[in-house]
Every structure is written in structure tokens, then in C-alpha cells.
Amino acid sequence: MECDDVTGGLEFDVESDDDDAINVQESDVLGDISDFWDDLAETSDDQRANPHTKQGSVTEGPNAENGLSRIALDDNKAGMDGLDKQKINDIIFSVSKGSRFYENEARKDEMARKRTERAVQELGRLKSLDLTTERSIVEQLCTKLEAQRDLSKVIVHVDMDAFYCAVEERDDPSLKGKAFAVGGTAMLTTASYAARAFGVRAAMPGYIALRLCPELKFVRPDHRKYSAASEEVRKVFQRYDPNFRPMSLDEAYLDLTPYLSMHPEDTPITVVSRMREEILSETGLTASAGIAANSLLAKVCSDRNKPNGQYFLPFDRESILEFVQALPVRKPPGIGKVTEQFLHALGIRTCKEIWDNRVYLYKLCSAASFDYFMRVVMGIGSSHEDRFGSGPDRKSISHETTFYPTSDATAMRATIRRLSHSLSVEMAEEKIKGNTVTIKLKRSDFRVFQKSKKLMRYLKMEDDIVAVALELLNDELQVNPGIELRLMGVRMSGLASSEVDKNVGIAKVSESSEYLGLIPKHLFSI
DNA sequence: GGCCGAAGGACCC
DNA sequence: CACCAGGGTCCTTCGGTA
């Protein structure tokens with residue numbers, strides 16, 4: 001159906017069965033779209049996308065504009081400029097081409113491309129409509145967001161530089177300055193800065209990295225070491241914000257507001273400098289940091305002067321808007337490659353252009369996406385994200401493993417048992433139980449399937465988890481005998497604490513599962 | 001219509 | 001030689017339904 005009334009406009013995007021409506025479009029639409037592009041892009045797309053493209057070079061490989069962007073080098077992160085991106089992508093492409101992984105990425109890419117195409121056509125239609133009502137709705141929404149602007153907090157995002165590599169380098173000085181990566185030939189978790197100069201980066205398979213950088217050294221990951229180093233770093237965080245929020249071993253958000261009010265002689269900049277010095281002197285590792293009014297901005301800022309640098313974004317609205325609107329759409333966290341492609345197809349390359357096209361995006365995107373876009377380009381944090389203190393409980397826990405592709409059902413069931421076992425062990429450690437079991441299957445062609453089952457009771461024992469997971473697997477094997485898998489996973493969600501209340505003497509302790517007291521909803525109505 | 005469960009993706013580290 | 005991870009969160013769609 002069409003994007004009909006105004007309230008329904010928030011509904012959603014350009015989904016499948018809109019085909020009929022879209023086919024109505026005639027050639028005049030193309031004219032509209034071209035105009036639109038002309039308006040927004042004074043420079044040609046090719047020039048912008050590939051400044052390093054040499055004239056006459058063959059561009060059969062992926063680049064930012066011809067699709068398959070998910071295969072291409074992700075140079076979003078710092079330390080990746082000045083690379084011959086075209087050459088790197090040609091290598092990545094030639095190594096990946098024809099692999100099952102590649103074919104699956106191409107499939108996903110094609111689906112995204114179709115979605116985007118529908119949006120582009122819809123945009124053409126929108127351009128010829130009178131959108132004054134929508135415009136005023138959008139203004140109201142933005143006014144509401146503006147009212148949420150909070151400039152009273154000092155949030156800092158601290159990000160350790162090439163963390164795993166830095167730890168290895170510290171412990172083995174012979175690695176200093178060398179091109180090396182932590183990981184194996186299958187997958188890298190971190191690349192040293194010297195390796196990044198070759199286009200090597202995290203989440204890249206090692207054998208491709210080896211093509212980009214033949215002298216690349218591999219270092220086996222040692223998580224114990226990284227956890228220990230992380231603990232040291234966190235001790236420093238602790239001193240500045242006891243409620244700091246760790247996002248992973250190597251990064252965290254801190255709210256410096258309380259600290260600063262207790263130390264009036266300090267400024268955000270001096271505090272963060274000192275904190276980074278302390279991290280360096282106490283761990284031998286360098287950190288980068290971003291200081292801003294909210295975590296979203298701080299995150300972008302921490303990337304600004306990486307490695308071993310910091311960036312302070314002034315806490316006034318004008319500075320924030322100027323900063324954020326100059327950003328390419330890919331910079332803010334949450335906007336990844338797919339969304340970038342989507343926006344590019346609409347002629348939108350910077351956050352300012354998101355802002356300029358907000359009425360169209362309002363019609364083209366879901367309410368959640370639109371809301372997020374506006375928060376980003378207005379430099380408003382996501383509402384409650386900066387209220388630290390009580391960290392949100394985790395929602396799920398899972399284990400998964402990749403193996404040589406197999407269609408051996410017995411081996412699959414054994415893997416399910418093994419995963420369920422380790423899952424139950426970890427759940428016991430965490431003292432949690434859950435009521436939903438999901439198995440994840442990745443076929444040898446890389447397509448992922450999930451089967452889940454929500455139960456009327458909470459599980460935590462290995463045997464119960466195995467039973468449900470096996471049931472899900474067997475269902476699938478029944479429908480799809482001979483399926484060849486390369487990965488299996490088991491996840492538990494619908495979590496709750498499994499701690500036994502000692503005061504309630506009911507002998508549920510020995511039972512392997514507990515009943516969930518479900519009460520029909522209507523009993524609650526007054 | 002809204003909520004729920006199930007399935008599939010995008011994204012992040 | 002090796003041939004694209006594993007642990008999460010959140011969003012969207014769809015079908016069933018009380």
C-alpha cells in the first residue's frame with residue numbers, strides 16, 4: 001500500500017508489496033530524481049566515492065557505488081586514510097570472488113539494493129507531492145527532540161588504541177612497529193597500525209590480509225592477557241567515574257560531571273589528559289578519548305584524533321550542529337554500510353543532507369529510523385543512554401561454533417550437546433535461567449537460519465537445554481535432510497535470575513525447571 | 001488493533 | 001597450508017488471535 005495519511009507516514013518504508021504502486025511511475029519520475037541528485041550532489045558521485053581511482057583503471061571490483069559494498073574495505077575507522085583503496089579492493093575482490101561467502105554477500109546486497117531502489121522511486125514520487133503537512137509534523141517532532149537536548153553532562157568515550165595488538169606489542173617489543181595482527185588465517189580480531197597501512201583490519205580473514213600484506217605476522221589471541229589489561233584500565237576509569245559503562249574490553253563511557261563538580265580546578269580536557277596519562281603509565285597502553293555532551297557525540301569524537309589523542313567538542317548547540325552536520329553519514333554509530341548505501345542512493349552523503357532531506361526521510365523510513373536519524377544530525381543523544389549507574393541486564397546468552405561443513409546428523413547433535421553444556425555452565429556461573437531456546441544454523445552457503453522455542457517454564461539445566469535444542473534441530477533435519485552446515489549455535493533468552501530465595505522453603509531447588517506463573521491478561525483488567 | 005512469538009537482518013566490538 | 005568469528009543489542013515483518 002501507499003504511504004497514505006500523515007500518521008501512517010511513520011509506518012514504514014518501501015516494502016515489498018508496493019511494487020504495483022511503484023510500477024505506476026513513468027519517465028517523468030526519472031527527471032525528478034535527476035533534479036534531486038543535481039540539487040544535492042554538485043560533484044559527481046564517482047569522484048566523491050573514489051578519489052583514489054585512477055583514470056582507466058578497471059573497476060570490476062567493488063567500490064563504494066557499484067554495489068557489493070559489504071565486500072569492500074571498510075575504511076570508516078581512523079588510520080585508514082591515504083590508502084590506495086581501489087587497489088586494496090581489487091585484491092579483496094579477486095580473492096573473495098566466487099567463494100560461497102562472496103555469493104551470500106552478493107545475495108544480501110541484492111536484497112538491500114532492491115529495497116533501496118524502491119525508496120529511490122518513492123522519493124521521485126514524493127518530490128512531486130505537496131508535503132506541507134508532513135513538513136509541519138516533522139518540525140513538531142524535531143521541536144520535541146530539541147527539548148530533550150541536554151548540555152549539562154560531560155560524557156567521555158575512551159577507546160584503547162588497537163587494544164589486543166597494543167598488549168601483544170607491550171609484552172613482546174620485537175613486534176613494535178611491525179605489521180602484525182591478532183587472530184588466525186581464518187579471522188583477524190585486531191590489526192596493528194603498521195598492518196593497517198596495507199589495508200589490513202579487524203574482522204578481515206587472515207588469508208586475505210596476507211595478500212594485502214605478505215609479511216604480515218599472526219599472533220594467537222590470548223584473552224586472559226587482554227582481560228587482565230582491561231582490568232588495569234578499568235581501575236583508572238573507576239577513579240573518575242565509579243559508574244563508568246564498559247562496552248567491551250577496550251572501550252567505555254564515563255560521566256565526568258560529578259568528578260568535575262568536585263574538582264572545580266579541573267577542566268574536561270585536563271581530566272581526560274590526566275586519565276590517559278595514568279592509563280599509559282599504569283598499563284603501558286595508549287588510549288584515545290572523545291569528550292562531548294552525550295555518548296553518541298563522544299563516540300564520534302574519540303575516533304577523531306586516534307591513536308593516542310583526544311578531541312573536545314564544545315558544549316554549545318551551535319558547535320555541536322556544526323560538528324555533526326559535517327560528518328559523512330557513515331560516521332555516527334548505528335549507521336552501517338547498508339544504511340550508508342541507502343542514503344547515498346537518495347543523494348544523501350552528509351549528516352547535513354540528512355537534515356535537509358528530513359521530510360523525505362520521514363516518509364521513506366520507519367519511525368524508529370527517522371527518530372534515530374534526527375537525533376544523530378541534531379546531536380541529541382539517545383534518550384536514556386547517558387544515565388549511567390544501573391547497567392542494563394543482559395538479554396541473552398549464547399555459544400556458537402564454526403566447523404568444516406558437514407551433513408552428518410550425529411555430529412550435529414553432538415555439537416548441540418556440547419554447546420548446550422558450555423551454555424549451562426556459563427548460565428550457572430551467571431546464576432541465570434531462561435525460557436527461550438534458539439538454535440542458529442549456518443549452511444555451508446553461509447545462509448543463516450534460526451529456530452526458537454519459548455517455553456512455559458524457565459530452564460537452566462544442561463539436559464533441559466539439550467532436549468529443546470535437539471528438538472529444534474531434529475525438526476529442521478526432518479524438513480531438510482542432508483542439510484550441510486558450517487556453524488551451529490545455541491542461545492538462551494527470556495532471562496531471569498536463578499538465585500533461589502532462601503526464605504521460600506519450597507523444594508524447587510532440586511527441580512530442573514520451574515513453572516512460570518502465567519496469568520491470563522484479562523484477569524488484570526479492572 | 002495491539003501484543004506475542006518466531007524469523008531474519010543490521011550493527012557493534 | 002590455511003579459505004570470512006563469536007558474543008551481543010535492537011529493529012522489522014508476519015501470522016495468529018480473544
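Letters A, B, ... are given to chains in the order of the sequence lines, protein chains preceding strands, and every chain is numbered from 1.
Residue A:Ile208 is classed as a base contact, given a heavy-atom separation below 4.0 Å to a base. If you check every strand for non-hydrogen atoms under 4.0 Å, A:Ala203 touches a base. Backbone-only contact: A:Glu251 has heavy atoms under 4.0 Å from sugar-phosphate atoms and none from a base. Among the atoms of the strands shown, only primed sugar atoms or phosphate atoms (P, OP1, OP2) are found under 4.0 Å from some heavy atom of A:Arg107. Among the protein residues, A:Ile397 comes within range of the sugar-phosphate backbone only, with heavy atoms under 4.0 Å from sugar or phosphate atoms but none that close to a base. Within 4.0 Å of A:Ser248, counting heavy atoms only, lie sugar-phosphate atoms of the nucleic acid but no base atom. Residue-level contact check: A:Thr402 touches the backbone only, with heavy atoms under 4.0 Å from sugar-phosphate atoms and none from bases. Here A:Met111 lies in heavy-atom contact (under 4.0 Å) with sugar-phosphate atoms only.
Here A:Ser366 does not reach the OP1 or OP2 of C:dC11: none of its side-chain N or O atoms lies under 4.0 Å away. Applying the 4.0 Å criterion to OP1 and OP2 of C:dC3, one finds that A:Tyr404 has a side-chain N or O inside that range. An OP1 or OP2 oxygen of B:dA7 is reached within less than 4.0 angstrom by a side-chain nitrogen or oxygen of A:Ser452. The shortest distance between the side-chain N/O atoms of A:Ser369 and the OP1/OP2 oxygens of C:dT12 is below 4.0 Å. Considering only side-chain N and O atoms, A:Arg394 lies nowhere under 4.0 angstrom from the phosphate OP1 or OP2 of C:dG7. Side-chain nitrogen and oxygen atoms of A:Thr438 include none within less than 4.0 Å of the OP1 or OP2 phosphate oxygen of B:dA6. Residue A:Ser396 places at least one side-chain N or O under 4.0 Å from the OP1 or OP2 atom of C:dT9. Between B:dG5 and A:Lys454, a contact under 4.0 Å exists linking OP1 or OP2 to a side-chain N or O. At B:dG5, none of the side-chain N or O atoms of A:Thr436 fall inside 4.0 Å of OP1 or OP2 (strictly under the cut-off). Within the 4.0 Å cut-off from OP1 or OP2 of B:dA10, at least one side-chain nitrogen or oxygen of A:Arg115 is found.
Within the 4.5 Å cutoff, no side-chain heavy atoms of A:Gln450 are placed close to those of A:Leu441.
In this structure, A:Asp393 atom CG and C:dT9 atom P are separated by 10 Å, rounded to whole Å. If you take CZ of A:Arg486 and P of C:dA5, they are 6 Å apart, rounded to a whole angstrom. The nearest whole Å value for the distance from the CD atom in A:Glu476 to the P atom in B:dA6 is 15 Å. The interatomic distance linking A:Met492 (CE) with C:dG8 (P) rounds to 13 Å, in whole Å. As a whole-Å value, the separation of A:Leu188 CG from C:dG6 C1' is 15 Å. One atom, CG of A:Asp109, and another, P of B:dG9, lie 13 Å apart when rounded to the nearest Å.
The cationic atom of A:Arg375 (NZ for Lys, CZ for Arg) does not lie both less than 6.0 Å from the six-membered ring centre of A:Tyr372 and within 45° of the ring axis. Note that A:Arg245 lies in the cation-pi zone of A:Phe388, set by a 6.0 Å cut-off to the ring centre and a 45° limit from the axis.
Relative to the side chain of A:Ala368, the nucleotides C:dT12, B:dC12, C:dA2 differ in distance, and C:dT12 lies closest. Side-chain proximity of A:Lys451 to C:dT12, B:dA7, C:dA2: nearest is B:dA7. With C:dG6, C:dA2, B:dC11 as the candidates, the nucleotide lying closest to the side chain of A:Leu487 is C:dG6. For A:Met187, the side-chain atoms get nearest to C:dA5 when compared with the rest of C:dA5, C:dG8, C:dG6.
No side-chain donor-acceptor contact under 3.5 Å links A:Ser227 and A:Ser230. With 3.5 Å as the limit, one finds a donor-acceptor pair spanning the side chains of A:Glu484 and A:Ser444. Counted by atom type alone, A:Ser248 and A:Asp250 present one or more donor-acceptor pairs between their side chains at under 3.5 Å.
For A:Ser96 against C:dC4, a side-chain N or O and a base N or O form a donor-acceptor pair under 3.5 Å.
Here, C:dC4 and B:dC13 have their P atoms 23 Å apart, quoted to the whole Å. The same atom, P, is picked in C:dA5 and in B:dA10; the two are 16 Å apart, to the nearest Å. Atom C1' of B:dG2 sits at a distance of 16 Å from the matching atom of C:dT12, rounded to the whole Å. Between C:dC3 and B:dC12, the distance separating the two P atoms is 29 Å to the nearest Å.
The aromatic ring centres of A:Tyr311 and A:Phe323 sit less than 6.0 Å apart.
If you check residues 440-450 of chain A against DNA chain B, the residues with a heavy atom closer than 4.0 Å are A:Phe449, A:Gln450, listed by number.
Atom CD of A:Glu400 and atom CG of A:Leu423 lie 11.5 Å apart (nearest 0.5 Å).
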Return a table of donor-acceptor pairs under 3.5 angstrom between the side chains of residues 159-169 of chain A and protein atoms on other chains or two or more places apart.
from     : atom 1 : to       : atom 2 : distance (Å)
A:Asp161 : OD1    : A:Ser288 : OG     : 2.8
A:Asp161 : OD1    : A:Lys306 : NZ     : 2.7
A:Asp161 : OD2    : A:Thr286 : OG1    : 2.7
A:Asp161 : OD2    : A:Asn308 : N      : 2.8
A:Glu168 : OE1    : A:Lys225 : NZ     : 3.0
A:Glu168 : OE2    : A:Tyr226 : OH     : 2.6

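Screening residues 290-304 of chain A for salt bridge (Lys or Arg N to Asp or Glu O under 4.0 Å), with sequence neighbours left out, gives A:Glu251-A:Lys299, A:Asp303-A:Lys331.
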